[in-house]
Trainee: 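Take a look at this one; I'll ask things after.
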Amino acid sequence: MKWVYIENISEYKAQEVEIRGWVYNKRSSGKVRFLLIRDGTGLIQGTIFHADKDFPLFRIFDELTQESSVIIRGKVREDSRAPGGYELEISDIEVIQIARDYPITPKEHSVPFLMEHRHLWLRSQKQHAVLQVRAETIRAIRDFFDGRGFRLMDTPILTPSACEGTTTLFETTYFDQKAYLSQSGQLYNEATAAAFGKVYCFGPTFRAEKSKTRRHLIEFWMVEPEVAFATLQDIIELGEDLVMYILGRVLEERKQDLEILERDPAPLEKISKPFPRLTYDEAVKLLKEHGSKIAYGDDFGAPEETLLSKIYDQPVCVTHFPAATKAFYMQPDSGRPDLALGVDFMASEGYGEIIGGGQRIHDLELLEKRLKEFNLPREAYKWYLDLRKYGTFPHSGFGLGVERTVAWLCKLPHIRETIPFPRLLYKIYP
RNA sequence: UCCUCGGUAGCUCAAUUGGCAGAGCGGGUGGCUGUUAACCACUAGGUUGCAGGUUCGAGUCCUGCCCGAGGAGCCA
């Protein structure tokens, strides 16, 4: 008998097939039994009818518990009463293992309990749907860049020094030296951009920040493109195209998952480019008009990001931040050197920043001056300064946080469900 | 690190002013021919986070600690 996956079940109408999976739930009503099986690709209901209550299949059915692993065989039938529209008339159940006392029941559980059982929670329908959206988002990102002639250039996770002196790094040892887990592949991207023109890196990043909010993870995934000779304007358009591409793909390919999550797709479907663009000055003015107490010169905190993304029903691009709030390598505006040519993309519906980036300093003298101002050790950045010494080039790039993007697409209240095993403040189990 | 709230059965929660620790789900047993987190009946299940204190009597009040959640700060 042919082993098939539930997602393909409609191709096997009226045929005898085999499904391998786990018991999601079961119900019985005297001489009818219903078995809900999941196999990783979907859910299907199996039925058993028999007049004799001692029917052998009934006895096997009665032994089954939630998450027991089984192989079931039977005939596929279309039935509008079944969840999913198809069901299997079960002729045989082969038990691989009876699961005892599966901790996650079909009723309510608290977040701490579910996080403690994250390795099992992944099997639940909504978690499955979120991670399908994540996988689709990642696939879309790679297709987007690969399709535009970008080269994937993996950057190191173990690094000899801080990309930034200001943020908190995870320190480890590298034989007899100190080493740190990467916070960003950007500096290395600038080197590969000079070799390949258009590059991107995609990998995990680590930040030892004591952040305990709905939008921070200790370990998260970020895609970072870097384009040689691109300006701030060029990179804003690239970011818009990327966001539109991800949106289109998820809306097209994962509609069912958004439905499972009860995520109304309408606000996402309304999004179109170009996104509204504001300078920092304009944004501060607008925030003050809407009651924010932000002082000019302050970086946006969570409440400002949320407020800003609620004012528009589109993602918003904010540019020209005060240079003092931004990284040392940000190119200053030619007219107003106190402003940095940076851009933050705020997702709609209150989700805040999903992209941060900008144009990098390409002038050697200016970069050396900035390193001094930020008290960064020149020796550690020797190779980085070489990029300005040998054929320097204006260039720009950004980083898009995968988890924040997925949380927005799925409209989740917290980022922690957007990655299979989140690393949270003080929490590394399971 | 700070502020707020919480910790009672495997899970989610209730318990009046300090006065017999209880329900639903899950487990077990039985019933039901179309269930949709099925339903109905019965049943087993407790170191009330830990340590101390007040009291005739503490889940409830007090002190300290531990753990968790929400928010703030922090945060290319």
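The sequence lines fix the lettering, A, B, ..., with proteins before strands; numbering per chain opens at 1.
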Trainee: From the options C32(B), A37(B), A72(B), select the nucleotide whose nearest atom is closest to the side chain of Lys31(A).
Mentor: C32(B)
Trainee: P atom, C65(B) versus U4(B): distance in rounded Å?
Mentor: 15 Å
Trainee: Closest to the Glu209(A) side chain: C74(B), U35(B), U1(B)?
Mentor: C74(B)
Trainee: Measuring from Gln233(A):CD to Ile236(A):CD1, what's the distance to the nearest 0.5 Å?
Mentor: 4.5 Å
Trainee: Would you mind reading off the distance between Asp101(A) atom CG and G10(B) atom C1', rounded to a whole angstrom?
Mentor: 7 Å
Trainee: Suppose you measure atom P in U17(B) against the same atom in C13(B); what distance do you get, rounded to whole Å?
Mentor: 22 Å
Trainee: On RNA chain B, nearest-nucleotide positions of Ala82(A) versus Gly357(A): which is more 5'?
Mentor: Ala82(A)
Trainee: At less than 3.5 Å, do the side-chain atoms of Arg416(A) and the base atoms of G68(B) form a donor-acceptor pair?
Mentor: no
Trainee: How many whole angstroms separate atom CZ of Phe321(A) from atom P of C75(B)?
Mentor: 15 Å
Trainee: Whole angstroms only, please: what is the CE-C1' distance between Met222(A) and C75(B)?
Mentor: 12 Å
Trainee: If you measure from the C1' atom in G24(B) to the same atom in A58(B), how many Å do you get, rounded?
Mentor: 27 Å
Trainee: So, for Tyr296(A) and Tyr280(A), is the gap between ring centers shorter than 6.0 Å?
Mentor: yes
Trainee: When rounded to the nearest 0.5 angstrom, what is the spacing between CG in Leu308(A) and CD in Glu353(A)?
Mentor: 11.5 Å
Trainee: Return the value, rounded to whole Å, for the distance between atom CG of Leu425(A) and atom C1' of G71(B).
Mentor: 14 Å
Trainee: In terms of side-chain heavy atoms of Arg27(A), which of C11(B), C75(B), U35(B) is nearest?
Mentor: U35(B)
Trainee: Relative to the ring of Tyr384(A), is the ring of Tyr381(A) parallel (under 30°), tilted (30 to 60°) or perpendicular (over 60°)?
Mentor: perpendicular
Trainee: Can you tell me the pairing partner of A58(B) across any strand shown, Watson-Crick or G-U wobble, with both distances under 3.5 angstrom?
Mentor: none
Trainee: Write down the partner of C32(B) under the Watson-Crick or G-U wobble criteria, each distance required to be under 3.5 Å.
Mentor: none
Trainee: Counting heavy atoms from C-beta on, name the nucleotide in G70(B), U35(B), A37(B) closest to the side chain of Gln45(A).
Mentor: U35(B)
Trainee: So Met115(A), base contact, sugar-phosphate only, or nothing? Heavy-atom distance under 4.0 Å.
Mentor: nothing
Trainee: Just call it for His414(A): base, sugar-phosphate, or nothing, with non-hydrogen atoms closer than 4.0 Å on any strand.
Mentor: sugar-phosphate
Trainee: Between C1' on G26(B) and CZ on Arg100(A), what's the gap in Å once rounded to a whole number?
Mentor: 14 Å
Trainee: Using Watson-Crick or G-U wobble geometry with both distances under 3.5 Å, which nucleotide pairs with C75(B)?
Mentor: none
Trainee: Roughly how many Å is it from NE2 in His50(A) to P in C32(B), rounded to a whole number?
Mentor: 16 Å
Trainee: Across all strands shown, which nucleotide pairs with G45(B) by Watson-Crick or G-U wobble geometry, both distances under 3.5 Å?
Mentor: none
Trainee: Which one of Glu190(A), Gln186(A), Arg360(A) satisfies the side chain to side chain donor-acceptor pair (under 3.5 Å) criterion with Tyr329(A)?
Mentor: Gln186(A)
Trainee: Need one value for Pro112(A): base, sugar-phosphate or nothing, where a base atom within 4.0 Å counts as base even if backbone is also close, heavy atoms only.
Mentor: sugar-phosphate
Trainee: Just checking Asp79(A): base, sugar-phosphate only, or nothing, at a heavy-atom cut-off of under 4.0 Å?
Mentor: base
Trainee: Give none if G18(B) has no partner; otherwise give the nucleotide forming a Watson-Crick or G-U wobble pair with it, both distances under 3.5 Å.
Mentor: none
Trainee: U12(B), OP1 or OP2 - any side-chain N/O from Ser110(A) closer than 4.0 Å?
Mentor: yes
Trainee: Can you tell me which nucleotide in U33(B), A72(B), G71(B) comes closest to the side chain of Arg214(A)?
Mentor: G71(B)
Trainee: Please report, rounded to the nearest Å, how far the P atom of U12(B) is from the NE2 atom of His117(A).
Mentor: 10 Å
Trainee: Looking at the base of C11(B), is there any donor atom on it, or on the side chain of His109(A), that sits under 3.5 Å from an acceptor on the other one?
Mentor: no
Trainee: If we take the P atom in both C61(B) and G7(B), what is their distance in whole Å?
Mentor: 10 Å
Trainee: Work out how far the P atom of U12(B) is from that of C66(B), and round it to whole angstrom.
Mentor: 23 Å
Trainee: Quick one: which of A72(B), G34(B), A37(B) gets closest to the side chain of Asn25(A)?
Mentor: A37(B)
Trainee: Determine the Euclidean distance between corresponding C1' atoms of G68(B) and G27(B); express it in Å to zero decimal places.
Mentor: 27 Å
Trainee: Would you mind telling me which of Ile235(A), Asn189(A), Leu187(A) makes a side chain to side chain contact (heavy atoms under 4.5 Å, CB included) with Glu226(A)?
Mentor: Asn189(A)
Trainee: Is the Phe421(A)-Trp121(A) ring centre distance short of 6.0 angstrom?
Mentor: no
Trainee: Give Glu87(A) one of three labels, base, sugar-phosphate or nothing, depending on what nucleic acid heavy atoms sit under 4.0 Å from its own.
Mentor: base
Trainee: If each of Asp62(A) and Phe300(A) is mapped to the nucleotide of RNA chain B with the nearest heavy atom, which maps nearer the 5' terminus, i.e. the 5' end?
Mentor: Asp62(A)
Trainee: Between A44(B) and U1(B), how far is it from one P atom to the other, in whole Å?
Mentor: 47 Å
Trainee: Could you check whether the rings of His119(A) and Tyr429(A) sit parallel, tilted or perpendicular, using 30° and 60° as the cut-offs?
Mentor: perpendicular
Trainee: Among the candidates G26(B), G34(B), G71(B), find the nucleotide nearest to the side-chain atoms of Thr47(A).
Mentor: G34(B)
Trainee: Please state whether the base of C75(B) and the side chain of Ser211(A) form at least one donor-acceptor pair under 3.5 Å?
Mentor: no
Trainee: Check every atom of U33(B), U35(B), G70(B) against the side chain of Ala51(A) and return the nucleotide holding the closest atom.
Mentor: U33(B)
Trainee: Against Phe145(A), only a single residue in Phe150(A), Phe202(A), Tyr245(A) fulfils ring pair (Phe, Tyr, Trp, His ring centres under 6.0 Å); can you say which?
Mentor: Phe150(A)
Trainee: Let's test your reading of the model: under 3.5 Å, does the base of G27(B) pair with the side chain of Gln66(A) as donor and acceptor?
Mentor: no
Trainee: Rounded to whole angstrom units, what separation is found between the NE2 atom of His216(A) and the C1' atom of G70(B)?
Mentor: 16 Å
Trainee: Counting side-chain heavy atoms from CB outward, which of A72(B), A69(B), U12(B) is closest to Phe113(A)?
Mentor: U12(B)
Trainee: Work out how far the P atom of U35(B) is from that of G10(B), and round it to whole angstrom.
Mentor: 34 Å
Trainee: Between atom CD of Glu219(A) and atom CD1 of Ile428(A), what is the distance when rounded to the nearest 0.5 Å?
Mentor: 8.0 Å
Trainee: Base, sugar-phosphate, or nothing: which does Glu305(A) touch, judged by heavy atoms less than 4.0 Å apart?
Mentor: nothing
Trainee: Looking for any heavy atom pair under 4.0 Å, which part of the strands does Arg77(A) touch: base, sugar-phosphate only, or nothing?
Mentor: base
Trainee: Lys212(A) has a side chain; which of G71(B), C32(B), C25(B) sits nearest to it?
Mentor: G71(B)
Trainee: With a 3.5 Å limit on both atom pairs, tell me what U12(B) is paired to, counting Watson-Crick and G-U wobble, or say none.
Mentor: A23(B)
Trainee: Once you apply a heavy-atom cut-off of 4.0 Å, does Phe34(A) come out as touching a base, just sugar-phosphate, or nothing?
Mentor: base
